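Let me begin by presenting the structure, written as structure tokens, before commenting on it.
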There are 2 protein chains.
Amino acid sequence: MTTQHKYHHGNLKVAFVAAARDLLEQDGLAALSLRKCAEKVGVSHTAPKNHFGNMAGLMTAIVTQGYSELAERMACDGSPCQQREAALLGYVAFAQANPALYELMFSRDRLVNDDPDLMVQVRACFVILAAASKDLGWHSGTADEQDGKGQVALWSFVHGYAQLVTAGRFKKDNMQGLSILDILPALSKDAD
Amino acid sequence: MTTQHKYHHGNLKVAFVAAARDLLEQDGLAALSLRKCAEKVGVSHTAPKNHFGNMAGLMTAIVTQGYSELAERMACDGSPCQQREAALLGYVAFAQANPALYELMFSRDRLVNDDPDLMVQVRACFVILAAASKDLGWHSGTADEQDGKGQVALWSFVHGYAQLVTAGRFKKDNMQGLSILDILPALSKDAD
DNA sequence: CGACAATGTTTACACTGTAAATATTGGGGA
DNA sequence: TCCCCAATATTTACAGTGTAAACATTGTCG
């Protein structure tokens, strides 16, 4: 009974997302296809249409899960300084652990960008990064201006670093033994 | 005679790259296809095989041209401070003017990453950014250490900013009237 | 218990990249 | 000059892709 094939799979949505993520990290973004996912799950290739609509819908679901996991990786309960370090290290670690998914998460025209679930998870990540950019001391102006600029600056920095690392644009010559905490400007000010 | 169709196109390589870039910025990265390029050029759909080998070869050619243009946009003959400003503004302007091409330029598995021509152009861009990161004053350590970290930091920063802007991850609320020069930390130190 | 919505399958179609065989052209040596 | 050959472009073919429409199965709720 347990392994018996039923006409209704039950939770095909989560099975599809899992299969898609396996294919994504195993063979790369270009090799991801609905039909391979369907074969992997053991279901006809048009089954996902009921759950995701189309390819963009499936990718949006994967990416939404990705942002959720990214938020988990960045979360920290310690001091502000510890929060910042955890967020940055978690961000880069996530990108390195899921490079193909990370690329898809910042793709321009493959996702349903106005998907409500996706927007919620993206916002959750931004909130964590916003908290991590408090009291950076990078900018002048009022406290609000400092916060606004600091948020944009910190996210730009960590995202650019993560993508350039995962895309292989940094040669090892410059990077051996360095983490993002060593590269971030003026972070050492309150580091110890 | 001038518009007469010849069996040998003449300079089909540059014609294909131009057609591909048109399609790229018009319909997005997902809509780029060899067959559409061929139709646009007015040639059979297997013609590019002799020049580019495959899709990755064509994309590599487009991206190589992109890096060349990016270097042009960043280049500046003025003072070090002017060079830095020109490089950063040119970088962001290029990304905003060619968002789909810019995304492709940092794609992971669609390009021939060890292509000699591509590596030359990528390196040229890095050289300009390295010059622009001189005397940033962001890091401590020896001059060499400062330079190495500053190069990685500045490229991370500008690339992350450019991609997050073109990907629409920044809401207008935080960004109205601000340029990257306003966001860069500690750049105002020598800005005036 | 029966209708109905949810879910999955079958079939079909247009489109894509790639390979192999073929055709055309132009240029460089006899 | 002429002919051969390499470069270049075409034709044909094939496997793979996403998507739509029609159909089949299942669970649920009145």
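Since this is a predicted model, take the numbers as computed values, not measurements. Hydrogens, waters and symmetry mates play no part in the numbers below; they use all other heavy atoms, side chains included. Residue numbering restarts at 1 for every chain, and letters A, B, ... go by the order of the sequence lines.
Ranking C/dG8, D/dA21, C/dT18 by closeness to the A/S44 side chain, first place goes to C/dG8. Side-chain atoms of B/N50 lie closest to D/dA9 of the nucleotides D/dA20, C/dA19, D/dA9. You'll find that the side chain of B/H45 is closest to D/dT11, out of D/dT19, D/dT11, D/dA9. Residue B/T46 has its side chain nearest to C/dA19 when only D/dT19, C/dG8, C/dA19 are considered. You'll find that the side chain of B/M55 is closest to C/dG17, out of D/dA9, C/dG17, D/dT19.
OP1 or OP2 of D/dA9 has at least one side-chain nitrogen or oxygen of B/H51 nearer than 4.0 Å. Neither OP1 nor OP2 of D/dA9 sits under 4.0 Å from any side-chain N or O of B/K49.
The distance between atom CZ of A/F52 and atom P of D/dT17, rounded to the nearest whole Å, is 18 Å. Rounded to a whole Å, the CG atom of B/L32 is 14 Å from the C1' atom of C/dC15. Straight-line distance from the CG atom of B/N11 to the C1' atom of D/dA7: 15 Å, rounded to whole Å. At whole-Å resolution of the value, CG in B/N54 and P in C/dT16 are 17 Å apart. C/dT25 atom C1' lies 14 Å from atom CG of B/L12, rounded to whole Å. For B/R35 and C/dT18, the CZ to P distance is 11 Å, given to the nearest whole Å. In this structure, the CG atom of A/L34 is 12 Å from the P atom of D/dA20, given to the nearest Å.
Among the atoms of the strands shown, none is found under 4.0 Å from any heavy atom of A/K13. Residue contacts shown for B/S33 are limited to sugar-phosphate atoms, with no base heavy atom under 4.0 Å away.
Listed by first and then second residue, the side chain to side chain donor-acceptor pair (under 3.5 Å) pairs involving residues 49-68 of chain A are A/R21-A/Q65, A/Y67-B/R169 (not counting sequence neighbours).
A distance-only check finds a donor-acceptor pair linking the side chain of B/D182 to the backbone of B/S179 [under 3.5 Å]. Between the B/K134 side chain and the B/D147 main chain, no donor and acceptor come within less than 3.5 Å of each other.
With rounding to the nearest 0.5 Å, the separation of CG in A/L129 from CD in A/Q151 is 9.0 Å.
Residues B/F157 and B/Y161 keep their aromatic ring centres 6.0 Å or farther apart.
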